[in-house]
Amino acid sequence: MISLATFYEAFKTKNKVVPMLLRRSDVNAVGVGFANEKEPSKGASILVYFNKNSPTSSLSSLHSELQRIKSTSSVPVRFIPTGRFTQSIAKPKQLIPPQNSRWRPIPGGVSIGSPAIGTGTAGIIVTRANQLFILTNNHVAIINNVRPAEMIQPGPIDGGR
(Lines give C-alpha, C1' and ligand atoms only; values in the text may rest on other atoms or scores of the structure.)
Protein backbone atom coordinates (compact mmCIF):
# COMPACT_ATOMS: atom_id res chain seq x y z
CA MET A 1 0.00 0.00 0.00
CA ILE A 2 1.36 3.43 -0.96
CA SER A 3 1.48 5.99 1.82
CA LEU A 4 0.39 9.45 0.69
CA ALA A 5 1.97 12.54 2.19
CA THR A 6 -0.31 14.67 4.33
CA PHE A 7 -0.22 18.46 4.22
CA TYR A 8 1.22 18.43 7.74
CA GLU A 9 4.11 16.15 6.67
CA ALA A 10 4.72 18.28 3.57
CA PHE A 11 4.70 21.46 5.67
CA LYS A 12 7.20 20.03 8.18
CA THR A 13 9.52 18.83 5.40
CA LYS A 14 9.21 22.12 3.53
CA ASN A 15 10.25 24.05 6.64
CA LYS A 16 13.41 21.91 6.87
CA VAL A 17 14.45 22.53 3.26
CA VAL A 18 13.38 26.16 2.75
CA PRO A 19 16.65 27.71 3.99
CA MET A 20 18.72 25.59 1.61
CA LEU A 21 16.39 26.15 -1.35
CA LEU A 22 15.90 29.89 -0.97
CA ARG A 23 19.67 30.47 -0.97
CA ARG A 24 19.63 29.44 -4.60
CA SER A 25 19.12 32.18 -7.20
CA ASP A 26 17.11 29.82 -9.42
CA VAL A 27 14.43 29.18 -6.76
CA ASN A 28 11.75 31.86 -6.53
CA ALA A 29 9.53 30.35 -3.82
CA VAL A 30 8.75 27.14 -1.93
CA GLY A 31 5.30 26.07 -0.83
CA VAL A 32 2.99 23.16 -0.10
CA GLY A 33 0.18 21.97 -2.35
CA PHE A 34 -1.35 18.94 -3.99
CA ALA A 35 1.01 16.37 -5.50
CA ASN A 36 -1.37 16.40 -8.48
CA GLU A 37 -3.87 19.27 -8.77
CA LYS A 38 -6.15 17.19 -10.99
CA GLU A 39 -6.18 14.33 -8.48
CA PRO A 40 -6.21 15.78 -4.94
CA SER A 41 -6.55 12.27 -3.51
CA LYS A 42 -2.87 11.72 -4.43
CA GLY A 43 -1.88 13.69 -1.32
CA ALA A 44 0.37 16.66 -0.68
CA SER A 45 3.78 17.69 -1.97
CA ILE A 46 6.42 20.37 -1.66
CA LEU A 47 6.10 22.92 -4.47
CA VAL A 48 9.35 24.42 -5.77
CA TYR A 49 8.79 27.46 -7.96
CA PHE A 50 11.94 27.82 -10.05
CA ASN A 51 13.04 30.37 -12.61
CA LYS A 52 12.07 28.93 -16.00
CA ASN A 53 15.03 30.75 -17.60
CA SER A 54 17.62 29.00 -15.41
CA PRO A 55 20.46 27.20 -17.20
CA THR A 56 20.13 23.43 -17.49
CA SER A 57 23.15 22.88 -15.21
CA SER A 58 21.48 24.92 -12.46
CA LEU A 59 18.29 22.86 -12.74
CA SER A 60 20.28 19.62 -12.65
CA SER A 61 21.95 20.65 -9.40
CA LEU A 62 18.53 21.66 -7.98
CA HIS A 63 17.15 18.21 -8.85
CA SER A 64 20.20 16.58 -7.21
CA GLU A 65 19.73 18.55 -3.99
CA LEU A 66 16.06 17.60 -3.89
CA GLN A 67 16.84 13.91 -4.50
CA ARG A 68 18.71 13.98 -1.18
CA ILE A 69 15.58 15.41 0.46
CA LYS A 70 13.41 12.69 -1.08
CA SER A 71 15.73 9.99 0.25
CA THR A 72 14.91 11.05 3.84
CA SER A 73 11.20 11.83 3.35
CA SER A 74 8.16 10.31 1.66
CA VAL A 75 6.91 13.77 0.62
CA PRO A 76 7.03 14.23 -3.16
CA VAL A 77 8.44 17.39 -4.73
CA ARG A 78 6.72 19.15 -7.63
CA PHE A 79 8.63 21.65 -9.77
CA ILE A 80 6.75 24.63 -11.15
CA PRO A 81 8.52 26.86 -13.70
CA THR A 82 7.82 30.57 -13.21
CA GLY A 83 9.15 33.93 -14.23
CA ARG A 84 10.97 36.05 -11.68
CA PHE A 85 8.79 37.18 -8.79
CA THR A 86 8.62 40.92 -8.34
CA GLN A 87 7.22 43.10 -5.61
CA SER A 88 4.01 44.88 -6.50
CA ILE A 89 4.09 48.64 -5.99
CA ALA A 90 0.31 48.74 -5.69
CA LYS A 91 -0.77 48.29 -2.08
CA PRO A 92 -4.12 46.69 -1.36
CA LYS A 93 -6.62 48.92 0.39
CA GLN A 94 -7.29 46.28 3.02
CA LEU A 95 -5.19 43.16 3.55
CA ILE A 96 -7.61 41.37 5.86
CA PRO A 97 -11.36 41.49 5.27
CA PRO A 98 -13.50 42.27 8.31
CA GLN A 99 -14.54 39.29 10.45
CA ASN A 100 -18.14 39.68 9.25
CA SER A 101 -17.16 39.38 5.54
CA ARG A 102 -17.88 36.30 3.49
CA TRP A 103 -14.76 34.09 3.44
CA ARG A 104 -14.05 31.23 1.03
CA PRO A 105 -12.55 28.93 2.08
CA ILE A 106 -13.58 29.67 5.64
CA PRO A 107 -10.73 30.13 8.13
CA GLY A 108 -11.09 29.87 11.88
CA GLY A 109 -12.05 32.97 13.82
CA VAL A 110 -14.68 34.42 11.48
CA SER A 111 -18.43 34.92 11.84
CA ILE A 112 -20.70 31.88 11.37
CA GLY A 113 -24.17 31.11 12.60
CA SER A 114 -27.68 29.87 12.07
CA PRO A 115 -31.01 31.70 11.89
CA ALA A 116 -32.23 29.15 14.47
CA ILE A 117 -29.44 29.93 16.97
CA GLY A 118 -27.73 33.22 16.20
CA THR A 119 -24.18 34.26 15.37
CA GLY A 120 -20.90 32.98 16.76
CA THR A 121 -17.34 32.31 15.70
CA ALA A 122 -15.83 29.46 13.71
CA GLY A 123 -13.14 28.15 16.06
CA ILE A 124 -10.57 26.32 13.95
CA ILE A 125 -10.75 24.21 10.81
CA VAL A 126 -9.68 20.60 11.34
CA THR A 127 -9.31 17.61 9.03
CA ARG A 128 -10.08 13.94 9.54
CA ALA A 129 -9.74 11.45 6.70
CA ASN A 130 -9.38 14.32 4.19
CA GLN A 131 -12.68 15.85 5.31
CA LEU A 132 -12.88 19.41 6.66
CA PHE A 133 -14.72 20.24 9.88
CA ILE A 134 -15.33 23.40 11.89
CA LEU A 135 -14.36 23.04 15.54
CA THR A 136 -16.40 25.61 17.44
CA ASN A 137 -18.45 26.01 20.60
CA ASN A 138 -21.52 23.81 21.04
CA HIS A 139 -23.88 26.79 21.44
CA VAL A 140 -22.81 28.12 18.01
CA ALA A 141 -23.62 24.97 16.02
CA ILE A 142 -26.08 22.77 17.98
CA ILE A 143 -29.76 23.68 18.52
CA ASN A 144 -30.71 23.18 22.19
CA ASN A 145 -27.76 20.80 22.59
CA VAL A 146 -29.70 18.25 20.52
CA ARG A 147 -29.27 18.59 16.77
CA PRO A 148 -26.88 20.38 14.40
CA ALA A 149 -28.04 23.66 12.90
CA GLU A 150 -27.73 24.65 9.26
CA MET A 151 -24.77 27.03 9.21
CA ILE A 152 -24.27 30.20 7.16
CA GLN A 153 -21.22 32.41 6.87
CA PRO A 154 -21.13 35.17 7.92
CA GLY A 155 -23.65 34.64 10.73
CA PRO A 156 -27.11 36.24 10.57
CA ILE A 157 -26.25 39.22 12.81
CA ASP A 158 -23.32 40.03 10.50
CA GLY A 159 -25.44 39.99 7.34
CA GLY A 160 -25.35 36.31 6.38
CA ARG A 161 -28.31 34.89 4.54
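Values in this document were obtained by computation on a predicted structure and should not be read as measured data. Both backbone and side-chain heavy atoms feed into the values below; hydrogens, waters and symmetry mates do not.
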So with a 6.0 Å cut-off around [atom1] of [X], is the heavy-atom count from everything else above 12?
{"X": "Phe79", "atom1": "CZ", "answer": "yes"}
{"X": "Phe11", "atom1": "CZ", "answer": "no"}
{"X": "Asn144", "atom1": "CG", "answer": "no"}

Looking at [X] and [Y], would you say the former's side chain and the latter's main chain have a donor-acceptor pair under 3.5 Å?
{"X": "Ser114", "Y": "Ala116", "value": "yes"}
{"X": "Asn36", "Y": "Lys38", "value": "yes"}
{"X": "Asn51", "Y": "Pro81", "value": "no"}
{"X": "Gln153", "Y": "Trp103", "value": "yes"}
{"X": "Glu9", "Y": "Thr6", "value": "yes"}

Side-chain contact test, heavy atoms from C-beta onward, threshold under 4.5 Å: evaluate it for [X] versus [Y] and give yes or no.
{"X": "Val75", "Y": "Lys12", "answer": "no"}
{"X": "Ile80", "Y": "Val48", "answer": "no"}
{"X": "Pro115", "Y": "Ile152", "answer": "yes"}
{"X": "Thr82", "Y": "Phe50", "answer": "no"}
{"X": "Phe34", "Y": "Lys42", "answer": "no"}
{"X": "Val140", "Y": "Ile134", "answer": "no"}

Quick one: do [X] and [Y] end up in the same hydrophobic cluster if we chain Ile, Leu, Val, Met, Phe, Trp and Tyr together by side-chain heavy atoms under 4.5 Å apart?
{"X": "Ile124", "Y": "Phe133", "value": "yes"}
{"X": "Ile157", "Y": "Met151", "value": "no"}
{"X": "Val32", "Y": "Val77", "value": "no"}

Residue pair [X] / [Y]: nearest heavy atoms and the distance that separates them:
{"X": "Thr119", "Y": "Ser111", "value": "CG2-OG, 3.5 Å"}
{"X": "Pro107", "Y": "Ala122", "value": "O-CB, 4.1 Å"}
{"X": "Ala10", "Y": "Ala44", "value": "CB-CB, 3.9 Å"}
{"X": "Ile46", "Y": "Lys14", "value": "CD1-N, 3.8 Å"}
{"X": "Ala149", "Y": "Ile143", "value": "CB-CG1, 3.7 Å"}
{"X": "Leu22", "Y": "Ala29", "value": "CD2-CA, 4.2 Å"}

Nearest 0.5 angstrom please: [X] [atom1] to [Y] [atom2], how far?
{"X": "Phe7", "Y": "Thr127", "atom1": "CZ", "atom2": "OG1", "answer": "9.5 Å"}
{"X": "Met20", "Y": "Lys16", "atom1": "CE", "atom2": "NZ", "answer": "12.5 Å"}
{"X": "Thr136", "Y": "Ile112", "atom1": "OG1", "atom2": "CD1", "answer": "4.5 Å"}

Full working for side chain to side chain contact (heavy atoms under 4.5 Å, CB included) between Ile117 and His139: CA-CA 8 Å; Ile117 298 175; His139 67 271; 5.8 Å; no
Worked verdict on Leu135 versus Ile125 for side chain to side chain contact (heavy atoms under 4.5 Å, CB included): CA-CA 6 Å; Leu135 178 63; Ile125 308 306; over 6 Å; no
Residue pair Leu47, Val30: steps toward the side chain to side chain contact (heavy atoms under 4.5 Å, CB included) verdict: CA-CA 6 Å; Leu47 308 177; Val30 183; over 6 Å; no
